[in-house]
Every structure is written in C-alpha cells, then in structure tokens.
Number of protein chains: 2
Amino acid sequence: MVAKLSTKKAVELFHALSDETRLALLDRLKDGEQCVCELTDAMKAAQSRLSFHLKVLKEAGLIEDRREGRWMYYSLSIQAIEELEDLVGSLKKVARSAVSRGRCC
Amino acid sequence: MVAKLSTKKAVELFHALSDETRLALLDRLKDGEQCVCELTDAMKAAQSRLSFHLKVLKEAGLIEDRREGRWMYYSLSIQAIEELEDLVGSLKKVARSAVSRGRCC
DNA sequence: TGGATATAACAATAATTGTTGATGAGTCAA
DNA sequence: TTGACTCATCAACAATTATTGTTATATCCA
C-alpha cells in the first residue's frame with residue numbers, strides 16, 4: 001500500500017486509460033516491449049496518432065520508453081499499474097458502523 | 001473474477017473516473033448515500049453541474065440512485081468498484097517465459 | 001557526407017466534454 | 001390547488017482532447 005495519490009494524479013491516470021486506442025496500446029504492451037513501428041503496423045494507425053497516445057500514457061507514468069538506435073521501445077510500467085490498483089482500492093466504501101443521518105435539506 | 005469487460009465499457013468506466021469533480025463525489029459517497037442537496041452544499045457546486053456529473057457516474061454504473069420524496073439519494077455501487085478492480089488487474093503483464101524477439105522494422 | 005529510416009512535435013481543425021443559467025417535472029404541505 | 005422545494009434536462013457557450021498532414025530531429029548506413 002502506498003500513500004494516497006493526489007486527485008490530479010488520479011485524474012491523469014484515469015484519463016490516460018479512458019481511450020480505446022490507448023487501452024489497445026496497453027494491451028499490446030502486456031506481451032512485452034514493442035517499438036512504435038510494430039504498434040503502428042499491428043494497429044493500422046497513423047504514426048503521429050500513436051505517438052500522441054503514447055505520450056499521454058507516458059506522461060501518466062503508465063509506460064516507459066527506451067531508445068535503441070533508431071527505434072523507440074515502449075513497455076508497461078508495472079509500478080504504475082500497482083499504483084492504479086491501490087487507487088481503485090481507495091475508492092471503496094470505508095467500513096463503518098451504519099452511518100445514521102437525519103433528513104438532509 | 002469476472003468475464004472481461006468490453007473495451008467500450010472500460011473506456012466508459014475510466015472516463016467517468018477521469019474528472020476531479022466526479023472523484024470528489026465518489027469520495028463523499030464512500031461515507032454512505034447522500035442526496036444531491038447535501039452534495040451541492042458540501043462541494044459548493046452548482047446543482048446542474050453536479051447533476052451532470054452524477055449522471056455520468058450513474059451511466060457508467062459506478063453509483064446508484066434512489067428517490068425518497070423530493071430527494072434523490074446517490075450511493076456507490078460496490079459491484080462496479082469490484083468490476084473496476086478486475087479491469088485494472090487485467091491490465092497487468094501476463095506472466096510468460098521471456099518473449100524473445102528479433103529486430104522489429 | 002548524404003540519403004533513408006524511425007519517431008517526435010507542431011499547427012490546423014474536428015470532435016468531445018464541461019459549465020452556466022434557465023426551464024421543466026415531480027413531490028410535498030398548507 | 002397553489003406555492004415552494006428538489007432535482008433533471010436543455011441550450012448556448014467555453015474548454016479540452018483527438019486527428020491529420022506536415023515538418024523537425026536523431027540515428028544509421030552506404
């Protein structure tokens with residue numbers, strides 16, 4: 001368990017995940033690191049488009065990049081996924097003795 | 001563990017979570033159900049604004065509503081949070097014997 | 001060095017999402 | 001039945017995000 005993420009960081013993480021293209025990218029990266037050209041091939045997407053989405057994912061910390069010659073390899077950040085798991089866990093109801101409240105307004 | 005959510009559903013869930021106001025709403029609902037007027041009071045937000053965000057959360061299945069007289073009470077959907085936990089889990093790297101690959105392009 | 005390759009970055013535009021103020025619908029109580 | 005109250009919905013507008021085509025940067029190889 002980790003310190004609570006700031007709300008802004010949480011928003012950034014969830015936003016990065018709230019796009020079909022980006023989820024598809026993450027899914028591909030589950031199998032191991034891949035370079036941009038493999039991704040554009042596999043996803044039949046314009047390079048600049050994937051570059052944009054990869055940047056969003058990277059800025060959210062969900063993926064990491066590594067240059068090797070002309071190629072840029074992207075891979076999942078396991079740590080980020082774990083942070084995400086904590087974050088989602090923190091959304092859960094806090095156990096407590098039935099909060100009794102009167103009428104509201 | 002549950003069947004894999006469709007990508008569209010995943011996008012909808014993450015999108016619902018990718019907003020500061022909505023995360024604040026969920027946080028308040030952790031303490032138990034609340035009516036809209038309590039939420040607008042506590043968050044000092046315009047009623048129509050919260051109504052909009054509550055709708056987004058409800059359509060994503062993250063919260064449920066219940067009418068009681070003039071009041072509408074909202075509460076967390078525990079089931080949705082659990083779905084979300086599964087979803088986040090499914091983002092993780094699949095264990096496998098080191099995938100060896102040659103050059104890509 | 002010069003050309004080819006892989007990718008990032010940019011600018012223009014399109015699409016989506018959020019905010020605000022106003023109106024409408026349902027409920028209650030006098 | 002009327003007026004007050006709670007909340008949803010709508011329309012207009014503002015803000016953000018995504019797409020596309022193009023250009024810039026870095027690397028490699030001949």
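To find a chain, count down the sequence lines: A is the first, B the second, and so on, and within it residues start at 1. No experiment lies behind these values; they were computed from the predicted model shown.
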Run through the side-chain heavy atoms of Ile, Leu, Val, Met, Phe, Trp and Tyr, join any pair under 4.5 Å, and report what else lands in I78(A)'s cluster.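 When side chains under 4.5 Å apart are linked, I78(A) ends up in no cluster with other residues.
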Measure [atom1]/[X] against [atom2]/[N] and give the value in whole Å, please.
X      : N       : atom1 : atom2 : result
L50(A) : dA6(C)  : CG    : P     : 15 Å
E59(A) : dA18(D) : CD    : C1'   : 15 Å
E20(A) : dT16(C) : CD    : C1'   : 15 Å
M72(A) : dT25(D) : CE    : P     : 15 Å
W71(B) : dA8(D)  : CH2   : P     : 14 Å
K55(B) : dC7(D)  : NZ    : P     : 17 Å
Q34(A) : dT7(C)  : CD    : P     : 11 Å
Y73(B) : dA8(D)  : OH    : C1'   : 17 Å

Does any non-hydrogen side-chain atom of [Y] lie less than 4.5 Å from one of [X]?
X      : Y      : answer
L29(B) : Y73(B) : no
Y74(B) : C35(B) : no
E64(A) : E33(A) : no
E12(A) : E59(A) : yes

Could you pick out which residue, T40(B) or R67(A), lies toward the 5' side of DNA chain D when each is mapped onto its nearest nucleotide?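 Closer to the 5' end of DNA chain D: T40(B).
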For R49(B) and for R22(A), find the nucleotide of DNA chain D with the closest heavy atom, then tell me which residue's nucleotide is more 5'. R49(B)
Is there a side-chain polar atom (N or O) of H53(A) under 4.0 Å from OP1 or OP2 of dT19(D)? yes
Answer yes or no: does a side-chain N or O of Y74(B) lie under 4.0 Å from OP1 or OP2 of dT6(D)? no
Report the nucleotide, chosen from [options], that has the shortest atom-to-atom distance to any side-chain atom of [X].
X      : options                  : answer
T21(B) : dT19(C), dT9(D), dA6(C)  : dT19(C)
R70(A) : dT27(C), dT7(C), dC29(D) : dC29(D)
S48(B) : dG18(C), dA22(C), dC7(D) : dA22(C)
H15(A) : dA8(C), dA18(D), dT19(C) : dA18(D)

Once side-chain hydrogen bond (donor to acceptor under 3.5 Å, both in side chains) is applied, do any residues pair with D65(A), and if so which ones, sequence neighbours excluded?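 So D65(A) forms a side-chain hydrogen bond (donor to acceptor under 3.5 Å, both in side chains) with K58(A).
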Tell me if the side-chain of Q47(A) makes a donor-acceptor pair with the base of dA6(C), cut-off 3.5 Å, by modelled atom types. no
Axis-to-axis angle for the helix from dT1(C)-dA30(D) to dA30(C)-dT1(D), ends of five pairs each, to 10°, equals 20°
Ignoring hydrogens and angles, tell me if any N or O in the side chain of K30(A) forms a donor-acceptor pair with the backbone of L76(A) under 3.5 Å. no
